[in-house]
There are 2 protein chains.
Amino acid sequence: MEALTTGILRAGDVEVRPDEFRAFAGDQALNLTAREFELLTALVGRAGRIVSREELYRTVWGERYRKSDRSVDVYVAKLRHKLEDALPGRRFIHTHFGFGYRFQP
Amino acid sequence: MEALTTGILRAGDVEVRPDEFRAFAGDQALNLTAREFELLTALVGRAGRIVSREELYRTVWGERYRKSDRSVDVYVAKLRHKLEDALPGRRFIHTHFGFGYRFQP
DNA sequence: AGCATGGTTTTACAGGTTCTTCACACCCCG
DNA sequence: CGGGGTGTGAAGAACCTGTAAAACCATGCT
């Protein structure tokens, strides 16, 4: 989005600083693993758009996507948990059946 | 249509954004399944022309068309219903007996 | 090396949604 | 009328998603 000057991605209360490998939800830092962080970066960088599993997989894993690979789903679940812990009751990652996921604060 | 720059298809009040997996009728988003979305994309991309079931089937389903397969008809009905919900009283998908369908706002 | 710890990938299954096909009614046109 | 074309509801098949848990890996420490 407006990452040109600062490199920081923001969508609502969620902020990602790719150059620092840190992410925040509201005022608290999220404790993410490398994969979780990369996936969140990919999602926030595409906030508001429906993104296919294939695009997410290629971006984060850097390999060809196999339809049977559930890694994206598994990590979406992990991110949802940690976002829920940080900001209870709010939904950020929306499922679009048959298409993919959408990050929307 | 004029998809060269934006990738967006438009016909009257109906707009399809293939790269975002989203479609709009008037100002509201259409809640479509994968097949419905692909069929609408095929129809809007051929707006104003009569399109045979065979061409629609090959485009959307990617397989050889069997005369007994009613999938196109079933999904045209679904699309008509959702377009009617979004923009009541208007007709978009016209039947040409013995030939196929035509999308015309 | 052997072991512990934490992360990643794969598997399995339940639950839900969508898709295909069938059946029957209706319609169009000769 | 008659016969094939079309509209559409319904039901089971097929597919998709959420998630826990197992299996697999990588790293660091004793």
Side-chain angles (χ1 to χ4, degrees), chain A residues 21-23 29-43 50-85 88-104, chain B residues 21-23 29-43 50-85 90-104:
Chain A
F21 306 107
R22 287 160 67 74
L30 293 170
N31 189 12
L32 304 178
T33 70
R35 282 278 191 259
E36 291 165 357
F37 180 79
E38 289 162 27
L39 180 57
L40 181 62
T41 303
L43 285 167
I50 299 175
V51 189
S52 69
R53 285 177 178 72
E54 172 162 2
E55 179 174 345
L56 291 171
Y57 192 84
R58 274 191 289 102
T59 301
V60 174
W61 277 261
E63 308 166 19
R64 185 182 307 285
Y65 174 65
R66 285 164 296 120
K67 201 168 62 243
S68 65
D69 195 312
R70 307 295 312 284
S71 297
V72 173
D73 302 68
V74 170
Y75 274 85
V76 163
K78 290 173 189 285
L79 284 178
R80 281 175 169 157
H81 269 122
K82 294 194 176 180
L83 288 168
E84 172 69 18
D85 289 347
R90 307 192 38 185
R91 308 189 69 257
F92 293 95
I93 304 178
H94 304 266
T95 302
H96 287 259
F97 200 100
F99 296 103
Y101 295 103
R102 176 176 52 93
F103 190 94
Q104 188 90 266
Chain B
F21 309 107
R22 304 190 124 228
L30 293 170
N31 190 12
L32 304 177
T33 70
R35 282 276 192 263
E36 291 165 358
F37 180 78
E38 289 163 25
L39 180 57
L40 181 62
T41 303
L43 285 167
I50 300 176
V51 189
S52 69
R53 285 178 178 72
E54 172 162 4
E55 177 174 347
L56 291 171
Y57 191 84
R58 273 191 291 102
T59 301
V60 173
W61 277 260
E63 307 167 18
R64 184 184 310 284
Y65 174 64
R66 287 164 296 119
K67 201 168 64 240
S68 65
D69 195 312
R70 307 295 311 285
S71 297
V72 173
D73 302 68
V74 171
Y75 275 86
V76 162
K78 291 174 190 283
L79 283 178
R80 280 174 169 157
H81 193 260
K82 292 193 177 179
L83 288 168
E84 172 68 18
D85 289 347
R90 307 191 40 184
R91 308 189 69 256
F92 292 95
I93 304 177
H94 304 266
T95 303
H96 288 260
F97 197 95
F99 296 101
Y101 295 103
R102 176 175 52 94
F103 190 95
Q104 188 90 268

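Here is how names work: the chains are called A, B, and so on, in the same order as the sequence lines, proteins then strands, and each is numbered from 1.
The side chain of Thr33(A) contributes an N or O atom lying less than 4.0 Å from OP1 or OP2 of dT8(C). Remark: Arg66(B) is in phosphate contact with dT21(C), judged by side-chain N or O atoms under 4.0 Å from OP1 or OP2. Taking 4.0 angstrom as the limit, Tyr101(A) places none of its side-chain polar atoms (N or O) nearer than this to OP1 or OP2 of dC16(D). Side-chain nitrogen and oxygen atoms of Trp61(A) include none within less than 4.0 Å of the OP1 or OP2 phosphate oxygen of dT8(C). Contact annotation: Arg35(B) does not reach the phosphate of dC15(D) (side-chain N/O to OP1 or OP2, under 4.0 Å).
Here the nucleotide nearest the side chain of Val74(B), chosen from dT11(C), dT20(C), dT8(C), is dT20(C). The side chain of Phe97(B) lies closest to dC28(C) when the candidates are dC19(C), dT11(C), dC28(C). The side chain of Arg53(A) sits closest to dG18(D) out of dT20(C), dT9(C), dG18(D). In the set dT20(C), dT6(D), dT17(D), dT17(D) carries the atom at the smallest distance from any side-chain atom of Asp73(A). The Ala77(B) side chain lies nearest to dT8(D) when the options are dT8(C), dG4(D), dT8(D).
Atom CZ in Phe99(A) sits about 17 Å away from atom P in dC15(D), given to the nearest Å. For Glu36(A) and dG6(C), the CD to C1' distance is 11 Å, given to the nearest whole Å. Distance CZ (Arg70(B)) to P (dT8(D)): 11 Å, rounded to an integer number of Å. Rounded to a whole Å, the CG atom of Asn31(A) is 11 Å from the P atom of dG6(C). The distance between atom OH of Tyr65(A) and atom C1' of dC16(D), rounded to the nearest whole Å, is 10 Å. Whole-Å rounding puts the His81(B) NE2 to dA10(D) P distance at 12 Å. Atom pair Leu39(B):CG and dT20(C):C1' shows a separation of 15 Å (rounding to whole Å applied). Residue His96(B) contributes atom NE2, which lies 16 Å from atom C1' of dC27(C) at whole-angstrom precision.
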Show your working on side chain to side chain contact (heavy atoms under 4.5 Å, CB included) between Arg53(A) and Asp69(A) and close with a plain yes or no.
CA-CA 9 Å; Arg53(A) 285 177 178 72; Asp69(A) 195 312; over 6 Å; no

Salt bridge (Lys or Arg N to Asp or Glu O under 4.0 Å) between Glu38(B) and Arg35(B): does it pass, once the steps are laid out?
CA-CA 5 Å; Glu38(B) 289 163 25; Arg35(B) 282 276 192 263; 3.8 Å; yes

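Positionally, the nearest nucleotide of DNA chain D for Arg80(B) lies more toward the 5' end than for the other of Arg80(B) and Gly100(A).
Ring geometry for Trp61(A) against Tyr75(A) counts as perpendicular: the plane angle is over 60°, on a 0 to 90° scale with 30° as the lower cut.
Across all non-hydrogen atoms, the minimal contact from Val76(A) to Leu39(A) is N-CD2, 3.8 Å. In terms of heavy-atom proximity, Arg102(A) sits nearest to Arg22(B) at NE-NH2, 4.1 Å.
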